S.K.: 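Pasting in a structure now, in structure tokens, and then I'll have a few things to ask.
Heavy atoms only: backbone and side chains are in, while hydrogens, waters and symmetry mates are out. A quick note: this is a predicted structure, and the numbers were derived from the prediction, not measured. Proteins come first, then strands; the chains are lettered A, B, ... in the order of their sequence lines, and each starts at number 1.
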Amino acid sequence: MKRNLGKALVVSALIFLLGGMVFAGGTQESGKEEGVKQLVYINDNPPFERQNAEMGKWIEERIGIGFVPESYPDLTNYQTNLRQSILSKKTAPDFFKWWSNYRLKPLVDESLLVDVSDIWQKYFNAGIWPESAAAEVTFNGRQYAVPYHYSHWGIIYNKGVFEELNLDIPKTWNEFMDVCEKIKASGRTPIAMTLAGRWQALIWWTEVLIKTDPDLYLGIVEGSIEFADPRIIKALQPWLEVIKHFPEDSTLPWQEVYPKVYSGEFAMDLLGDWFFTSLEQLGADMEKDIGWFPVPPITAKGNGFVFEISPIAIPVNSPNVEAAKKVLDEWMSLEGQKKWVEIFSESSPAGGGLVPKKGVYKSIEEAGLFSDRVRYMPRWWEAVPVELVEYSIDKFAEVILDTSKLERAMKDIDNFRKTMK
Amino acid sequence: MTVVKKIKPYIFLIPALVFVILFLIYPAVHTIIVSFMEWNGISKPQWIGFDNYVHMLQDPAFWIAFRNTILWVIGSILIPVTLGLIAALLIYMLPGQKTIKLLLFLPYALSGVVISIMWSYMYRLDGAINGILKIIGFVENIKPWLQVVPANTFAMIITNGWRMTGTNMVLFSIGMQAIPDEPIEAAYIEGSSNWQIMTRVIIPMMASTTAVVVIMAIINGFNVFDIVWVMTEGGPYRSSATLAVNMYRESFVIFKFGRGAANAVTLSLLVFVAAIFYMRVIFKKSRIGE
Amino acid sequence: MFIIKKGKKIYWEVILFSIIIIWVAVWLFPIWNVFVSAMKSIDGYISSRPWEFSFDVNPIIQFYENIVRGLAGTQRGSGIGPAFLNSMIYATVGAITAIIFASLAAYALSCLPIKGRFVFFLILFSGTVFPLQIYLIPLFTFFQKTGLYDTKLGLTLAYTAICIPFCVFLLRNWYLDIPKGIVESATIDGATELQTFWHIFVPFSMPPFVTLFLFQFTWVWNDFIFGITFARSRTSRPIMALLAGLQNMYSNVGIPAVLASAIIASLPTVLLLVAFRNTFFKGLAVQYGGSSK
């Protein structure tokens, strides 16, 4: 009797374990190309999940294949895990958001991404997309990604604060610094910044350089000018002034920073115009609550604008390469871009430049951002090799927390660059 | 028949051996090999000899992490071991405080992630620590604790102290329960004071427990990862990184697997030295020769 | 067993008791903050002190809402709900499988005729010595090649493996205490090794099995580094990896919901601890002290 009970126990334990293992192993579904209706779009943008989902549905209505977004909030792990998942057929997503240029290059070098030049070619020929729009995703003359969004850097500010303090939009650098001082005197933090997540440390470093002289910045990107070059150190002095207006606590995660811009606790934030979407989601009115102006030039030469393109790529190991290509083709079409601009409230270079019909974008248009007067600069994040970016942003953060370290930090980055292969 | 009989006992070993060799020993050996290679996880690995180690030793960030790791080891000994001993003594003198014991031990059940989330909000500029400082009048000491160097490392070491004190207290408590009554009674009859009994009788008898607790604190101090990773990611500017964090960063953030492996091997060597002492103690107790 | 002299006993007890009460209060303060903050709305969190209740909304209702928000997330499956189930599988299956395999091995190592048993023991035991960092890179690539990356099976296997060495160590100590005579007489009665194991060792092993299960379950449940390294998607990420993501840069559930999720994520291990506290205390002595009693 006892024996049987014991055996029964063992058997049930084994069944339980086996069941667990099978359940554990069996949940991995591999999609099938035929008759697939919905793809999964993996990205690191939880704040844009609603917009992405809307776009997925819209495309599905038009071509019968759509997508649902799946987003991850954790930048570091997103990069690690994505890089690894696209290596195998079992784990590769249908398509995914990535970064352009140097961040894209290692994946292209190892032939992990689908060549989408034919899609681009179609729209080049039709005159819908300018060839310049593809520069950041082109390697050896072929394109390996399509644009998710284009973004221009500018100051997004809280109109309530400006009205309350009777501030005008600054047109010169001195006026800008003056505005900062006045906001600070009112007990608010003039400029939002967070070092959590690390990358934002590069924002003002870049901006100050390109508003002084875009060629200096490009020289650093190309390696023809050193970080510790006296011209650079001199050009970076305004950066040190800006740093004084950052929040005292720079450890807040982004999810807590942007509500403070909406509430006025932080008056201004320099970011790409994707930031509007986040503010809109908090309930901000893009006419009344939020304004936009470009960072004023520091010298007459300073006509640079940082311009970021976030690409979407299809892994070679994607279970649904053809369906994914169809979806991205539709996304890039003129109707697709019009819809996207409407949903996402961001501009697009397609069709000669599409701009959302919303208040804040008028100022962007007025700033001449879509004209030839400005020079577009690549964002530091993807403009140089990842290793250098990672090293330099830590050094930038060090300067932000202690401005006396500027020269030392720039020298360190130079030394680091020399040791790179 | 005899052959079968001879082989049979080994069959019992197979499942465990397969798991351990496949998932632990092979990876450990492979990591040592990778530490001599240049490899980004996607490309073909290339043998580069000791370059990774040379690079590591020349990297100032390694030495910052090394210094922090040593701070962690010292902090893990000083704070939770001392506090754990004191708590155990208090409970020893106040019998029947099972609930108190349980409450102090509660952090053991919490994960490093939960503890880090809990404490990172406390350390912020608008967090509880600064709130208390304001109330008791230390207004000029208010700061974002996880941003200021070296306060960030100390703050996290304190968090770890909060986490580990209960564990050490339980260990000391168990050790104290095993102390025989006679020496204490003898000292009591001789007219020793409470303090003398505590310092001359009880604490010396805790020597072997203390040894184990200290060695474990050292090993835990070397291995700390989750608290640092969740609270600061080793930042700002790598100022609060430890060796374990550096290893993770080199491998899984900038994809220099070779350098990450070199870090992992170095860390393992350090831990191994501490582990030898640990093994000597527990093997002695567990009659390993039999 | 008092060491306090009789005359001053009460006086001392009051002082010591006050010290320990204050100590416990300090120790529970962070946990109190978490509970209070988890009952606030986002606005309430910003406008009130961390340790004070905020009554701009009903705290109980808000607590419930924050939990739901944490479990479900703000978008498709970004909450910790699915991860809770994943971790349940890893912790239970990993711990039980490890205990079964380890007890078989410990039995062989302690009672069966095996040549070089100490070498085998050292091989199995070596897994407790090294930091987890040394396993990460090769396991990562190994999982990638075999398709185990980002699967429940892969993580379950990894967790099982990491639990085995300590189980072997503890069970072997336990089995060394079984009198040799019992094993010999069972063999003379014609029992096979498996029968001896099953009828003599297993019933005798229930206490260490329970202890081991509790500790390994807690370990796997609370693990972070394997979770963030070996899994990406929501179908396989364990709970702590997801929880850490919830408070990350671009998450948007809000602090109160993050803290409510942290409470939910801690429930299983805390409940186990409260229910089995004495087993935990004793087990800890074994784990650190190596004594098998």
Side-chain angles (χ1 to χ4, degrees), chain B residues 8-10 12-13 15-16 19-20 23-25 27-28 30-31 34 90 93-94 100 102-104 109-114 117-119 121-122 127-128 131 167 170-171 174 181 184 194 197 212 216 223 225-226 230 244 247 251-252 257 260-261 264 267-268 271-272 275 282 285-287 290, chain C residues 1 3-4 16-17 19-20 24 27-28 30 33-34 49-51 101-102 104-105 107-108 112-114 120 124 127 129-131 133-135 137-139 158 160-161 164-165 168 173 176 193 218 222 224-225 240 243-244 247 258 262 265-266 269-270 273 277 281 284-285 288-292:
Chain B
K8 235 176 158 184
Y10 296 94
F12 288 81
L13 283 175
F19 266 89
V20 169
F23 290 100
L24 303 179
I25 292 181
H30 195 224
T31 298
V34 170
L90 284 172
M93 290 185 283
L94 296 165
I100 286 176
L102 180 68
L103 289 176
L104 287 181
L110 304 179
S111 75
V113 173
V114 169
I117 289 177
M118 212 182 231
W119 281 80
Y121 289 123
M122 297 206 358
T167 312
V170 168
L171 290 172
I174 289 165
D181 292 352
I184 299 173
N194 291 329
I197 291 176
V212 174
M216 286 314 295
N223 283 340
F225 173 76
D226 43 9
V230 178
M247 178 273 162
S251 317
F252 300 107
F257 280 125
L267 177 64
S268 301
V271 173
F272 190 68
I282 61 166
K285 283 195 180 176
S286 63
R287 296 155 301 152
E290 285 175 45
Chain C
M1 170 64 249
I3 56 161
I4 296 165
L16 294 180
F17 198 71
I19 294 176
I20 200 100
V24 170
W27 239 240
L28 294 183
N33 282 346
V34 169
R49 285 182 171 150
W51 58 85
F101 291 164
L104 286 171
Y107 165 65
L112 297 181
I114 281 179
F120 281 115
L124 289 173
V129 175
F130 296 105
Q133 258 72 11
I134 199 145
Y135 308 126
I137 298 169
L139 272 186
T160 304
I164 283 179
V168 171
N173 278 351
L176 285 175
E193 285 91 344
T218 307
N222 286 343
F224 176 57
I225 196 164
M240 292 309 158
L243 183 62
Q247 77 129 23
V258 172
S266 309
T269 46
V270 169
L273 174 66
R277 50 182 169 270
F281 292 162
L284 211 59
Y288 286 74
S291 98
S292 53

S.K.: What are the two closest heavy atoms between B:Gly127 and C:Pro50, and how far apart are they?
M.R.: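 Distance-wise, the nearest heavy atoms are C-CG, 3.8 Å.
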
S.K.: Can you confirm whether C:Asn222 sits close enough to B:Leu110 that some side-chain heavy atom of one is under 4.5 Å from a side-chain heavy atom of the other?
M.R.: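 With C-beta onward as the side chain, the pair stays apart.
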
S.K.: Looking only at heavy atoms, what is the nearest atom pair of B:Leu24 and C:Pro165, with distance?
M.R.: CD1-CG, 3.8 Å

S.K.: Taking all non-hydrogen atoms of both residues into account, name the closest pair between C:Val24 and B:Leu103 and its distance.
M.R.: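 Answer, listing the atom of C:Val24 first, then B:Leu103: CG1-CD1, 3.7 Å.
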
S.K.: Please identify each residue that fulfils side-chain contact (heavy atoms from CB on, under 4.5 Å) with C:Ala265, with sequence neighbours left out.
M.R.: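 Here the qualifying residues are C:Ile239, C:Met240, C:Leu243.
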
S.K.: Please classify the contact of B:Ile174 with chain C as side chain, backbone, both or neither, using a heavy-atom distance under 4.5 Å.
M.R.: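 Side chain only.
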
S.K.: Against chain C, label B:Val230 side chain, backbone, both or neither, depending on which of its atoms sit under 4.5 Å from a heavy atom there.
M.R.: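 The answer is both parts of B:Val230.
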
S.K.: Is B:Phe252 close to chain C through its backbone or its side chain, or both, or neither, when contacts mean heavy atoms under 4.5 Å?
M.R.: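 The side chain, not the backbone.
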
S.K.: Who are the side-chain contact (heavy atoms from CB on, under 4.5 Å) partners of B:Leu102, not counting sequence neighbours?
M.R.: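 With neighbours one apart ignored, the set is C:Leu273, C:Val274, C:Arg277.
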
S.K.: I'd like to know if the side chain of B:Ser268 and the backbone of C:Phe130 have a donor-acceptor N/O pair within less than 3.5 Å.
M.R.: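 Absent.
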
S.K.: Which heavy-atom pair separates B:Ala128 from C:Asn33 by the least distance, and what is that distance?
M.R.: CB-ND2, 3.4 Å

S.K.: Return the orientation label for the C:Tyr107 and B:Phe12 ring planes: parallel under 30°, perpendicular over 60°, tilted otherwise.
M.R.: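 If you compare the ring of C:Tyr107 with that of B:Phe12, the planes turn out perpendicular.
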
S.K.: Quick check: are there more than 12 heavy atoms from other residues, nucleotides or ligands sitting under 6.0 Å from CZ of B:Phe272?
M.R.: no

S.K.: Side-chain contact test, heavy atoms from C-beta onward, threshold under 4.5 Å: evaluate it for B:Leu171 versus C:Leu284 and give yes or no.
M.R.: yes

S.K.: Of all of B:Gly131, B:Gly112, B:Ala244, which one pairs up most often with chain C through heavy atoms under 4.5 Å apart?
M.R.: B:Ala244

S.K.: Among B:Ala28, B:Ala261, B:Ser251, which residue has the highest count of heavy-atom pairs closer than 4.5 Å to chain C?
M.R.: B:Ala28

